[in-house]
Amino acid sequence: VILAFLLQAGVLSDYMDSVLGAYLSKGPVLAVAVGAGLLMFVLLIVVYRKIRHSRIGLFLAGVGDGIMSILRMKRSGLFLFHTFMIWLCYFGQIYVGFKCIVATEALSVLAGLSVLIFGSLGMIVTPGGLGAYPIAVQNILVVYGIDPAYGFAFGWVAWSAQTFTILILGAAALLILPAYNRKRYGQDTMDNQ
């Protein structure tokens, strides 16, 4: 996100101004919203301190430990490399998709980075990004001068390609993995478990 804002500061700041402009013109409303956000943050800290030994507190601590475990794993460099490669593939899928549609073929690599970032935020909003991903992609493509209909269509095509790739390759992996494990670890090891 930081990289996208640094490289596309002019384009994205205009977009953020247009999105947030209505709210920023209402100073008192914004002040109340910021105050409420800070109050909620403080309340979350207070509540967490009281529940940290409960099931919810232990769950949240477990999530934090899971994130920190990346630093403790034996081959963390390889893990981070594979993570980077996955994101590079997502980016490549978006950029190749640009070149496949006449309306988006002139878009730059940096536009692809912006679509990747804002599309990823759309994936967070709903399960698998269903519905939210195409809308997020449409909104960012409008900033780059793409007609909203084409932006929305591109969002659905990109989402569908990602989703079906994951479904097909995931199903194939589920079918292949038992045979791979038997071959790699030997039948005796599998029988002993």
Legend entry - Over 12 non-hydrogen atoms of neighbours within 6.0 angstrom of CZ in Phe152: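 More than 12 within 6.0 Å, yes.
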Legend entry - Within 6.0 angstrom of Arg72 CZ, more than 12 heavy atoms from elsewhere: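 More than 12 within 6.0 Å, yes.
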Inset, instruction - Decide yes or no for Asn139 and Phe118: does some side-chain heavy atom of the first lie under 4.5 Å from some side-chain heavy atom of the second? - result: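 Asn139 does not reach Phe118 side chain to side chain.
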Legend entry - Side-chain heavy-atom pair Leu107, Leu141 within 4.5 angstrom cut-off: yes
Inset, instruction - Identify, with sequence neighbours excluded, every residue that meets side-chain contact (heavy atoms from CB on, under 4.5 Å) alongside Ala153. - result: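 Ala153 satisfies side-chain contact (heavy atoms from CB on, under 4.5 Å) with no residue once adjacent residues are dropped.
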Should [X] and [Y] be counted in the same cluster of Ile, Leu, Val, Met, Phe, Trp and Tyr side chains packed under 4.5 Å apart?
X      : Y      : result
Ile166 : Ile94  : yes
Val96  : Tyr133 : no
Ile101 : Trp159 : yes
Val137 : Val142 : no
Phe91  : Ile146 : yes

Inset, instruction - Could you list all the side chain to side chain donor-acceptor pair (under 3.5 Å) pairs where at least one residue sits in residues 82-93, not counting sequence neighbours? - result: Gln93-Gln162
Rounded at 0.5 Å granularity, tell me how far [atom1] in [X] sits from [atom2] in [Y].
X      : Y      : atom1 : atom2 : answer
Leu38  : Leu43  : CG    : CG    : 11.0 Å
Met85  : Leu80  : CE    : CG    : 13.5 Å
Leu116 : Leu121 : CG    : CG    : 9.5 Å

Legend entry - Shortest non-hydrogen contact between Tyr150 and Ala103, atoms and distance: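 Answer, listing the atom of Tyr150 first, then Ala103: CG-CB, 3.6 Å.
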Legend entry - Minimum-distance pair of heavy atoms, taken over all atoms of Gly66 and Ser69: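 Heavy atoms only, the tightest pair is O-OG, 2.6 Å.
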Inset, instruction - Could you verify whether a donor N or O on one side chain and an acceptor N or O on the other, from Thr104 and Tyr144, lie under 3.5 Å apart? - result: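 Short answer, no.
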Legend entry - Fellow cluster residues of Leu169, listed by chain then number, with links counted only when side-chain atoms sit under 4.5 Å apart: none
Legend entry - Members sharing Leu167's hydrophobic cluster (side chains within less than 4.5 Å):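 Phe164, listed by chain and number.
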Determine all donor-acceptor pairs shorter than 3.5 Å in which one atom belongs to a side chain in residues 122-130; sequence neighbours excluded.
from: Thr126; atom 1: OG1; to: Leu130; atom 2: N; distance (Å): 3.1
from: Thr126; atom 1: OG1; to: Leu130; atom 2: O; distance (Å): 3.0

Inset, instruction - Scan residues 95-116 for pairs that pass ring pair (Phe, Tyr, Trp, His ring centres under 6.0 Å), counting only residues two or more places apart or in two chains. - result: Phe98-Phe154
